[in-house]
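Presented below is the structure to which this report refers.
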Amino acid sequence: MFDSFLGLFKKANAYLGVDIGTTSIKVAELSGSKNNVTLSNYALLESFGHYERANNVIQANSVKISEKETTALLKILLNKVKFKTRLAIASIPPFSSFVTLLELPAMSEEETNKAMAFQIRQSVPLPLAEIAVDWIRVGQRQDENGFEKQQILLIAIPNEVISCYKSIFKNAGLSLRALEIENLAATRALIGNDPVPTLIADIGARSSSVSIVEGGFLKSSVQFDYAGDSLTQAIVKGLGISYRRAEELKKQRGISGGIGEYELSTLEMPFVDVIIKEVMKAKENFEKSYGSSLQRVLLIGGGALLLGLDKYFESKIGIPVVLGNGLLYVNTPPQLSVVAKEIQVRFATAIGLAIKGFL
Ligand SMILES: Nc1ncnc2c1ncn2[C@@H]1O[C@H](COP(=O)(O)OP(=O)(O)OP(=O)(O)O)[C@@H](O)[C@H]1O
Ligand SMILES: [Mg+2]
């Protein structure tokens with residue numbers, strides 16, 4: 001288990017949830033006790049200009065997290081914002097982990113344990129000695145032939161990734177209490193135990209991930225490389241302007257396509273459509289394989305803040321699409337209400353990680 005070290009400590013009254021993305025670090029500090037937590041502080045550090053300087057990417061797909069640079073950035077952030085606790089829970093991005101939903105015949109716990117030892121070797125493309133493995137029973141159903149099947153979510157993280165995170169946190173002066181995959185953390189903050197079959201689309205900078213949650217359990221997750229930066233890059237190339245200016249334009253105008261925005265929309269739309277197509281594919285695959293219908297889509301991640309995206313998305317996918325609210329189960333002090341929407345959408349993972357500390 002990745003978090004077996006969590007249980008050895010006495011419960012504290014504050015935790016930091018630390019979400020290290022490809023272009024930003026988000027930290028949410030929650031204070032209080034189980035079932036009554038308040039957002040006491042938060043911080044976001046963005047690393048711009050990573051296209052000019054390739055080594056400025058905090059994390060790049062299929063490339064190892066840059067330990068030195070991430071430590072330095074985390075230190076900058078911790079210097080700027082004074083948090084009251086050093087206890088941290090961090091997330092592992094989808095591209096550094098293996099997540100698979102397995103279906104096994106319904107059987108006793110002991111038999112399941114034995115079967116899983118075999119399944120892990122089959123499903124994870126790395127030697128057992130090099131990975132940490134966790135699995136969770138997430139459901140049961142009768143298949144087309146009337147056989148009872150149990151659904152098991154298998155999660156594997158390379159040891160190398162875990163030691164890299166441990167060392168980043170130690171060197172930044174934080175005490176790392178647990179690691180968790182991003183999708184599980186976001187699910188906790190956004191959905192809790194709500195049983196409604198839901199698709200969560202996390203649209204980040206470099207990559208997007210789609211999680212499907214049913215009965216409060218994560219059932220599947222896929223990721224792809226189209227996200228917010230795909231749109232910015234299209235604007236950079238199409239209009240011949242700087243990356244920073246393209247980011248500004250994108251954030252101001254969105255895809256609402258008013259007068260004079262035609263050109264911007266034309267550049268962005270092919271990438272918006274690719275993202276929506278990937279999400280629809282994930283929805284269809286899930287519904288076909290597991291015979292249940294998704295009821296809603298929650299959009300999170302910075303890319304979800306694109307003006308007009310939710311409405312456009314809804315018109316394409318045909319089920320309700322709304323921005324996710326990572327603060328759903330968290331008290332928010334009134335002075336944070338102005339920035340609440342951005343926190344709700346961009347900090348869902350960080351908040352879910354911090355909530356874990358109180359469980
Ligand atoms: N208001 C906004 N409108 C449109 N896009 C936005 C807005 N705010 C942020 N973004 C975009 O969100 C993206 C960053 O999102 P986020 O912070 O979720 O990424 P990340 O977690 O660092 O990346 P990843 O999840 O790929 O590792 C950027 O592409 C940025 O341009
Ligand atoms: Mg992210």
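Counting starts at 1 for both ligands and their atoms, following the listed order.
Taking every heavy atom of E247 and a limit of under 4.0 angstrom, the matching atoms of ligand 1 come to 30 (C), 31 (O). For ligand 1, the atoms sitting less than 4.0 Å from at least one non-hydrogen atom of G301 are 18 (O), numbered in the order shown with element in parentheses. In the vicinity of D229, heavy-atom distances shorter than 4.0 Å reach the ligand 1 atoms 29 (O). Distances below 4.0 Å separate heavy atoms of G228 from the following atoms of ligand 1: 29 (O).
Within the 4.0 Å heavy-atom shell around ligand 1 one does not find P93. The shortest separation from a heavy atom of K26 to ligand 1 is under 4.0 Å, placing the residue in contact. A227 does not count as a contact of ligand 1, since none of its heavy atoms falls under 4.0 Å from the ligand.
Not one N or O on the side chain of S31 forms a donor-acceptor pair closer than 3.5 Å with the backbone of A14.
Backbone and side-chain nitrogen or oxygen atoms of K250 are examined, and one is located within less than 3.5 angstrom of a nitrogen or oxygen of ligand 1. Checked against a 3.5 angstrom limit, the closest N/O atoms of D202 and ligand 1 fall outside it. Close N/O approach between G303 and ligand 1 is found [any backbone or side-chain N/O within under 3.5 Å]. Among the atoms of T22, some N or O lies under 3.5 angstrom from an N or O of ligand 1. The shortest N or O to N or O distance between G302 and ligand 1 is under 3.5 Å.
In this structure, E109 places its CD atom where only 12 or fewer heavy-atom neighbours from other residues, nucleotides or ligands lie under 6.0 Å away. Shown here is E110, whose CD atom has no more than 12 heavy atoms of other residues, nucleotides or ligands within 6.0 Å. Atom CG of N193 has 12 or fewer heavy atoms from other residues, nucleotides or ligands within 6.0 Å.
Among R245, K250, R244, the one residue that satisfies the salt bridge (charged side-chain N to carboxylate O under 4.0 Å, His left out) test with E247 is K250.
By the side chain to side chain contact (heavy atoms under 4.5 Å, CB included) test, N331 pairs with N36, T38, sequence neighbours left out. Residues passing the side chain to side chain contact (heavy atoms under 4.5 Å, CB included) test with S208 are I203, F224, A227, sequence neighbours excluded.
Salt-bridge check for R346 with E342: passed, with a basic side-chain N closer than 4.0 Å to an acidic carboxylate O.
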